[in-house]
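See structure below.
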Amino acid sequence: MAIGESRHQLKHDIRETSPEKRWSVSTGNIHSHTTRRVYQQQIMAFLDWVKQTHHVNHHVVVDAHADEWVSQYLRELIEQGKSPYTLQTIRSGLRLIFEREVASCVELPKRSRDAITRSRLPVQMDAHFQPKNWPGHILFAEATGLRRAEMRDLR
């Protein structure tokens, strides 16, 4: 955990001192309580899967088979049709506790902006909104990329 530390500054320092130049750099720390909670949830789901699939309950055995089992787990999730964004989050969380290159043989589906859905269910705050009554406003918001609050505050 590195709550309160600047992730930007740490990544900058790593890039400056590393002879290898690459786009993605990890500090090896978690800088957000939300990230910790999400990673913890994904790690616990993986460990539950290990218990059900391989009947293993001991962390030493899990560590010894980490690359093999994480790869198997990710392949199963891909077959189930999990979102590429979800798969990336799961792999990132598992890489944080095992090793940076775990499951490197598994090719995750490419993430695309088109595949992002705003919500799985109707949103309560949109219950009163009728898009057909506001075509000009909707067109303007889509063209400019403004968010709801930004549209509200526009003068």
Side-chain angles (χ1 to χ4, degrees), residues 1-16 18 20-54 56 59 62-63 65-129 131 134 137-153:
M1 296 294 292
I3 303 297
E5 292 182 34
S6 172
R7 189 178 86 177
H8 174 76
Q9 187 60 45
L10 287 172
K11 288 174 81 169
H12 176 72
D13 294 346
I14 292 169
R15 283 191 178 109
E16 290 295 316
S18 174
E20 180 185 345
K21 301 297 181 197
R22 39 184 227 185
W23 179 255
S24 67
V25 174
S26 174
T27 64
N29 296 319
I30 297 176
H31 297 268
S32 162
H33 290 292
T34 303
T35 302
R36 185 203 58 81
R37 186 172 20 86
V38 169
Y39 281 3
Q40 181 178 347
Q41 178 184 6
Q42 298 302 336
I43 291 163
M44 295 307 294
F46 169 72
L47 293 175
D48 288 343
W49 175 85
V50 167
K51 286 177 192 174
Q52 292 174 351
T53 307
H54 298 287
V56 172
H59 68 89
V62 175
D63 286 344
H65 295 279
D67 189 50
E68 173 191 352
W69 289 350
V70 170
S71 298
Q72 182 183 357
Y73 180 63
L74 288 173
R75 285 187 189 105
E76 284 186 20
L77 294 177
I78 291 169
E79 289 174 14
Q80 292 173 12
K82 294 288 185 185
S83 159
Y85 291 89
T86 301
L87 293 167
Q88 179 65 45
T89 300
I90 293 167
R91 186 172 71 178
S92 295
L94 293 172
R95 281 182 168 180
L96 191 64
I97 63 160
F98 290 116
E99 64 178 68
R100 181 82 180 122
E101 298 302 319
V102 74
S104 58
C105 65
V106 177
E107 183 77 24
L108 296 183
K110 297 293 180 202
R111 297 181 290 176
S112 70
R113 193 170 195 187
D114 305 353
I116 299 173
T117 55
R118 181 170 172 261
S119 179
R120 292 186 179 108
L121 301 171
V123 182
Q124 178 66 32
M125 67 182 184
D126 287 346
H128 70 283
F129 181 71
W134 305 94
H137 289 77
I138 292 172
L139 183 62
F140 180 77
E142 288 175 349
T144 59
L146 292 175
R147 294 183 171 96
R148 180 189 316 258
E150 295 168 332
M151 286 284 288
R152 182 198 63 221
D153 297 339

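Only a predicted model underlies this, so the values are computations on that prediction, with no experimental measurement involved. Computation of the quantities below employed the complete heavy-atom set of this structure, encompassing side-chain atoms and omitting hydrogens, waters and symmetry-equivalent molecules. This chain uses plain numbering: 1 for the first residue, then up along the sequence.
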Q | Exercise: identify the closest heavy-atom pair between Ser71 and Cys105 | A | OG-SG, 3.6 Å

Q) Using 30° and 60° as the class limits, which term best fits the ring planes of His54 and Trp69: parallel, tilted or perpendicular? A) parallel

Q | With Arg37 via side-chain contact (heavy atoms from CB on, under 4.5 Å) - residues at least two apart | A | Thr34

Q.
So Phe46 and Val62, do their side chains get closer than 4.5 Å, heavy atoms only?
A. yes

Q) Roughly how far, to the nearest 0.5 Å, is CG of Leu74 from CD of Glu76? A) 10.0 Å

Q) Just how far is it from atom NZ of Lys110 to atom CD of Gln88, taken to the nearest 0.5 Å? A) 10.0 Å

Q.
How long is the straight-line distance from CG of Leu94 back to OH of Tyr39, given to the nearest 0.5 Å?
A. 10.0 Å

Q: Working to the nearest 0.5 Å, report the span between CD of Glu101 and CG of Asp67.
A: 9.5 Å

**Q.** From Ile97 atom CD1 to Leu47 atom CG, the distance as rounded to the nearest 0.5 Å
**A.** 6.0 Å

Q: Please check if atom CD in Glu107 has more than 12 non-hydrogen atoms from other residues, nucleotides or ligands closer than 6.0 Å.
A: no

**Q.** Least distance between heavy atoms, Phe98 atom then Ala66 atom
**A.** CD2-CB, 3.6 Å

Q. Gly145 and Glu150: which non-hydrogen atoms are nearest, and at how many Å?
A. O-OE1, 4.2 Å

(Q) Restricting to non-hydrogen atoms, name the atom on Val70 and the atom on Ala103 that form the minimum distance, rounded to 0.1 Å. (A) CG1-CB, 3.6 Å

Q. What closest approach, in Å, do Arg91 and Val106 show between heavy atoms, and which atom pair accounts for it?
A. NH1-O, 3.6 Å

Q: Grab the two heavy atoms, one from Leu87 and one from Pro109, that are nearest each other, plus how far apart they are.
A: CD1-CD, 3.7 Å

Q: Might you work through the side-chain contact (heavy atoms from CB on, under 4.5 Å) test for Phe140 and Leu146, ending with a clear yes or no?
A: CA-CA 8 Å; Phe140 180 77; Leu146 292 175; 3.8 Å; yes

Q | Heavy-atom side-chain proximity of His65 to Val56 below 4.5 angstrom | A | no

Q. With distance as the sole criterion, is a donor-acceptor pair present between the side chains of Asp13 and Gln9 under 3.5 Å?
A. yes

Q: Starting at CZ of Arg75, measure out to CG of Leu108 and round the result to the nearest 0.5 Å.
A: 10.5 Å

Q: Hey, can you tell me if His137 and Trp134 have their rings parallel, tilted or perpendicular (30° and 60° cut-offs)?
A: perpendicular

Q | Residue list, side-chain hydrogen bond (donor to acceptor under 3.5 Å, both in side chains) with Gln40, at least two apart or on another chain | A | Arg36

